[in-house]
Amino acid sequence: MYAATATIHTHLKDRYGERLSDSLALRSQHAHGEGLQDAHLPDVVVFAESTEEVAHIVGLCHAARVPIVPFGTGTSLEGHVAALHGGVCIDLSRMNQIIAVNPEDLDCRVQAGVTRMQLNRDIKAQGLFFPIDPGADASLGGMAATRASGTNAVRYGTMRENVLGFTVVTAEGKIIHTGTRARKSSAGYDLTRLFVGSEGTLGIMTEVQLKLYGLPECMAAAISQFDTLEGAVASVIMAMQMGIPMARIELLDSVQMAASIAYSKLEGLAAKPTLFFEFHGSERYVAEQAEMMQDISSENGGSDYRWVKAQEERTALWQARHHAYYAAMASRPGYQCMATDACVPISRLAECITEAGKLIEQSGLSAPIVGHAGDGNFHLQPLYDPKDAEMTARAHALTSAVSALAIRLGGTCSGEHGIGFHKLEALKAEHGEAIGLMQSIKKALDPNNIMNPGKTVPM
């Protein structure tokens, strides 16, 4: 433990008692997310229960220049919560109160530790739902911090479009509020958007104001399988060009389908490129859209088109999609998954995935592909033996090459995972001279570089 951390440890212990711990077990739990098991432990973990407590902790750390790492549910994949320089991990999971729900205005305010599933359970009886669905039951503060999206983004957008405002604790321990409940504003700099995706490097979001949506009258899903990946992607492009307003359109390649069939017990499906669809609206509207999608799929070589309308079947289908990461892991027992993502213009998606397939073949690794095809975002899941240094290096090289490929095709190194510290080099390649402006913003808001240092922007 650094001397400065030891200095404030006593102050924190006096106030937070058992809510502060320096046990190795708890520090280890807070040292990594669900991605690579990065062994960077914080010196202490403290469980905050209010914005004022977060401000108190940050104020002490600012004065002593001690690093701070905010922690939600630990589901991130790019090393966001690794304490690269030790310091204090502020766990926000106990800040789990739904502060206000406004059905007439379709918005709500929640503490940062509220998870998306918790919110949806609470508001379902009012005929409302929050659609951003990254798969994991992530905290809403963490989802905002990483600019998360997920399977529903093609219709409802990402966290960027669905956050109205924040309560933020700045690097100096001050409490500020950004945004309002109004749906638009031209008043001053858009600080809300500045904090969305900042990954805890500019401040800690303790409350989030969110848009809500009315539950659709009808939700129905469908599956279509293809002999080629190109046929599946062509179907997506045609559907988007025709303006079919699908809620979800997900792509699984043959390797991922084989893993998902085994893991999620998907009966009657083959291990070949597959699209999962979902439609929201009235009964008649959903039926019309599903029929149009079936015609498009057939035109591009799709077969075995199935319409899944029953709630239990639809839930099972999307659970299988959300468990793709675990299915990939299960296909290679003892291996780890170096999950990464990239996003390109939809017209370049087939090219990008085809080229990624060649890179996978050259690497000699198994790397299932699954993606949010409707917005050009796909995930690569290279599997490797962490005890094999040479194989681990190949996995790193593969993820870096896919990031470079996406950038070359006019896309981005990350559509929704964020940067953390794994993609700093890719970020520099993508943004060039603009990195200097990002560094200036970081220095202005966090002059002592204590807020999740080493992440998001290379300093």
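- Remark: side-chain polar atoms of Lys211 are paired, donor with acceptor, to backbone N or O of Glu161 under 3.5 angstrom.
- Between Glu361 and Lys358 no salt bridge is recorded (no basic side-chain N to carboxylate O distance below 4.0 Å).
- Contact record, Ser254 with Ala271: CB-O, 3.4 Å, taken as the closest heavy-atom pair.
- Residues Leu251 and Val236 fail the side-chain proximity criterion, which asks for heavy atoms closer than 4.5 Å.
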Working note: His379 + His372, criterion ring pair (Phe, Tyr, Trp, His ring centres under 6.0 Å); need CA distance, chi angles, decisive distance, verdict. CA-CA 8 Å; His379 302 263; His372 314 309; 5.0 Å; yes
Can you check side chain to side chain contact (heavy atoms under 4.5 Å, CB included) on Val101 and Leu128, steps first, answer last? CA-CA 10 Å; Val101 177; Leu128 302 172; 4.1 Å; yes
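- Annotation: the span from His32 atom NE2 to Leu41 atom CG amounts to 8.5 Å, rounded to 0.5 Å.
- A heavy-atom distance below 4.5 Å is not found between the side chains of Met95 and Glu207.
- A donor-acceptor pair is defined here as one N or O able to donate and one able to accept, closer than 3.5 Å; such a pair exists between the side chain of Gln225 and the backbone of Ala270.
- Side chains of Asp133 and His322 form a contact here, defined as non-hydrogen atoms less than 4.5 Å apart.
- Closest approach of Ala220 and Val286 over heavy atoms only: CB-CG1, 3.6 Å.
- Side-chain contact, Thr178 with Thr192: a donor N or O sits under 3.5 Å from an acceptor N or O.
- Atom-to-atom distance recorded for Leu26:CG and Ser21:OG is 4.5 Å, nearest 0.5 angstrom.
- Between the side chain of Thr158 and the main chain of Arg160, a donor-acceptor pair closer than 3.5 Å is present.
- No side-chain donor from either of Glu199 and Thr146 sits under 3.5 Å from a side-chain acceptor of the other.
- Side-chain contact between Val114 and Asp122: absent, with no pair of heavy atoms (C-beta onward) separated by less than 4.5 Å.
- Using a 4.5 Å cut-off on side-chain heavy atoms (C-beta onward), Asp253 and Ile353 make no contact.
- The NZ atom of Lys455 lies 9.5 Å from the NE2 atom of His422; values are rounded to the nearest 0.5 Å.
- Side-chain N/O atoms of Glu416 and Ser149 include a donor and acceptor closer than 3.5 Å.
- Among Asn152, Asn120, Thr151, the one residue that satisfies the side chain to side chain contact (heavy atoms under 4.5 Å, CB included) test with Pro131 is Asn152.
- Comment: Arg155 does not engage Glu278 in a salt bridge, judged by the lack of any side-chain N to carboxylate O separation of less than 4.0 angstrom.
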Evaluate side chain to side chain contact (heavy atoms under 4.5 Å, CB included) for Ile123 paired with Cys108, printing each intermediate quantity in order. CA-CA 10 Å; Ile123 63 178; Cys108 69; 5.8 Å; no
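- A cation-pi arrangement is present between Arg94 and Phe47 under the rule of less than 6.0 angstrom and at most 45 degrees off the ring axis.
- Between Ile90 and Val58, the closest side-chain pair of non-hydrogen atoms falls below 4.5 Å.
- Contact record, Phe226 with Gly301: CD2-C, 3.9 Å, taken as the closest heavy-atom pair.
- The nearest pair of heavy atoms linking Leu349 to Gly376 is CD1-O, 3.8 Å.
- Rounding to the nearest 0.5 Å places CD of Gln241 at 9.0 Å from CD1 of Ile346.
- Taking CZ of Phe277 as the start and CZ of Arg306 as the end, the distance is 13.5 Å to the nearest 0.5 Å.
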Trace of the side chain to side chain contact (heavy atoms under 4.5 Å, CB included) decision for Phe195 with Leu445: CA-CA 11 Å; Phe195 284 105; Leu445 272 66; 4.1 Å; yes
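- A side-chain donor-acceptor contact under 3.5 Å links Thr201 to the backbone of Ser198.
- Looking at heavy atoms from C-beta onward, Asp137 lies out of side-chain contact with Thr73 at the 4.5 angstrom threshold.
- Side chains of His280 and Tyr156: a donor on one and an acceptor on the other come within 3.5 Å.
- Side-chain atoms of Ser224 and Gln294 form no donor-acceptor pair, as typed in the model, at a separation below 3.5 Å.
- What you find for Met143 and Met159 is that their closest heavy atoms are O-CG, 3.5 Å.
- The backbone N or O of Ala342 lies less than 3.5 Å from a partner atom in the side chain of Asn377, making a donor-acceptor pair.
- Checking Gln311 against Arg314 by side-chain atom types alone, a donor-acceptor pair falls below 3.5 Å.
- Between Tyr384 and Gln336, the closest side-chain pair of non-hydrogen atoms falls below 4.5 Å.
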Go through the steps to decide whether Leu424 and Ile419 satisfy the test side chain to side chain contact (heavy atoms under 4.5 Å, CB included), and finish with yes or no. CA-CA 6 Å; Leu424 290 174; Ile419 300 300; 3.8 Å; yes
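- Asp341 has a carboxylate O that lies under 4.0 Å from a charged side-chain N of Lys423, or vice versa, which qualifies the two as a salt bridge.
- Formation of a donor-acceptor pair under 3.5 Å by the Asn452 side chain with backbone atoms of Gly200 is not found in this model.
- Minimum interatomic distance between Ala136 and Glu34 (heavy atoms only, all atoms of both residues): CB-OE1, 4.3 Å.
- Between the side chains of Glu230 and Thr354, at least one donor-acceptor pair of N or O atoms lies under 3.5 Å.
- Judged by distance alone, the side chains of Arg147 and Ser414 never bring a donor and an acceptor atom under 3.5 Å apart.
- Enclosure of atom CZ in Arg27 by more than 12 non-hydrogen atoms of other residues, nucleotides or ligands within 6.0 angstrom is indicated.
- Here OG1 of Thr51 is found 12.5 Å from CE of Met205. Values are rounded to the nearest 0.5 Å.
- A side-chain donor from one of Gln256 and Ser260 sits under 3.5 Å from a side-chain acceptor of the other.
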